[in-house]
Amino acid sequence: MDSTECRNRAEQVLMHTYARYPVVLERGEGVYLYDTEGKKYLDFSAGIGVFALGYHNAEYNDALKAQIDKLLHTSNLYYNEPALFAAEAFTKASGMDRVFFTNSGTEAVEGAIKLARKYYYKRHGAADSEIIAMEHSFHGRSMGALSVTGKKSYREAFEPLIGGVRFADFNDLSDVASKITEKTAAIILETVQGEGGVYPATKEFLSGVAALCKEKDILLILDEVQCGMGRTGTLFAYEQYGVLPDILVSAKALGCGVPVGAFAAREEVAAAFEPGDHGTTYGGNPFVTAAVGKVFELFEAQNVLGNVKENGAYLYEKLEQLAKECDAVVEHRGIGFMQGLEFSYPVGDIIKKALSNGLILISAGPNTLRFLPPLIMQKEQIDEMAELLKKCISEFSQKTVDR
Ligand SMILES: *Cc1c(COP(=O)(O)O)cnc(C)c1O
């Protein structure tokens, strides 16, 4: 089908919740995507931090094909081996004791909130708990996840949301401390804020919050939907901070393309849930958990973390250089393969120009370019990206000067 026809027809039937780019993607190979007209794109977004292993990974694809021929779905009323293997791999890798698989990051956040409330309810015998969340955070679009998302424009039209949520400034320990009350059940935050602009938590902040939580019997919920699963160079970003969450939330690269998320907890916390407290029809079915199991296996076999450490540092150097050369860059932030370049102007036009030049980038807030490549990205392709991006920025700034 002609690309224009596809786009026009899609605009007739899909809800207008996205301003889509005028590209119809068809297939992928490694770190490259191809559209229906055969045009090649270097992908620095990985489907928003999902496709860690790169496109068309033969071993991953074969594992899924084999599972399709065995069993796709059974419901959670019975056991299945792929879910067991995925749960064992996830708990072992995260330091958590028990996990619940969901269909998305948002649902995993919902589960984490419910677990925190149930834990509080059992200890206090009252359903009056509060949650502290961060300004500029992102946790999802459902009513619960939206309630803890620190962007007013996302929330406003959908209120009233769940009550008892207080927002504190990220990386401001005294502000968090000032929001704590007798009723605080949990503090939820992203170890590295993603959508909000790529802001890593500082060491002092995260260890300070963890200490406050311990002291006051508050649960620490770390949302690592975006920054987890290897993106920062360790499997979970909190490993670099020397803290352990009470509840961990994961998704995005967890399934590398199949819809799966997870929330996990220490035994004592997980024990607050009893049969009937939470459930899902699809969640953790054998198809998606076969993917999760394979992802853990391939991360190990293909030394994905080693690559992120080495080439994430290389990407950092390259972007540092670019930031120095380009006056419009205000700040460079991030770790591993989760980095951001903040500009003094909105980056929408740079992203469009990059796309037409065969480079896929996304933003994080209006002025920040976000780099979330597949975790297998190599130096050569980082160089290719830097060249393309430099060209786009200089063309763009030239135009701005001319105007
Ligand atoms: C993307 C994201 C979510 C929501 O995940 P979905 O799979 O889109 O529901 C939640 N938290 C963070 C930090 C995210 O980046």
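We count ligands from 1, going down the list as the structure has it; atoms in each ligand are counted the same way.
Counting non-hydrogen atoms of other residues, nucleotides and ligands closer than 6.0 Å to NZ of K391 gives a total of 12 or fewer.
Under a 4.0 Å criterion applied to the non-hydrogen atoms of Q226, ligand 1 contributes the atoms 15 (O). Counting the atoms of ligand 1 from 1 in the order shown, those under 4.0 Å from a heavy atom of H139 are 10 (C), 11 (N). Atoms of ligand 1 found under 4.0 Å from any heavy atom of D223, numbered from 1 in the order shown, are 10 (C), 11 (N), 12 (C), 13 (C). Each of the atoms 7 (O), 9 (O) of ligand 1 lies under 4.0 Å from some heavy atom of S104.
Taking the ring axis of Y154 as reference, the NZ or CZ atom of R141 stays within 45° of it and closer than 6.0 Å to the ring centre.
E37 places none of its side-chain heavy atoms less than 4.5 Å from the side chain of V23. Within the 4.5 Å cutoff, side-chain heavy atoms of C392 are placed close to those of N357.
Residue contacts with ligand 1: E190 is placed with no nitrogen or oxygen under 3.5 Å of a nitrogen or oxygen of the ligand (distance criterion only).
Of the protein's heavy atoms, T106 OG1, 4.2 Å lies nearest to atom 8 (O) of ligand 1. Here the protein heavy atom with the shortest distance to atom 7 (O) of ligand 1 is G105 N, 2.9 Å.
T181 places a side-chain N or O within 3.5 Å of a backbone atom of K183 that can act as its donor or acceptor partner.
Proximity of the aromatic rings of F287 and H73 is defined here by a centroid distance below 6.0 angstrom, and this criterion is not met.
Heavy atoms of K252 found under 4.0 angstrom from ligand 1 belong exclusively to the side chain.
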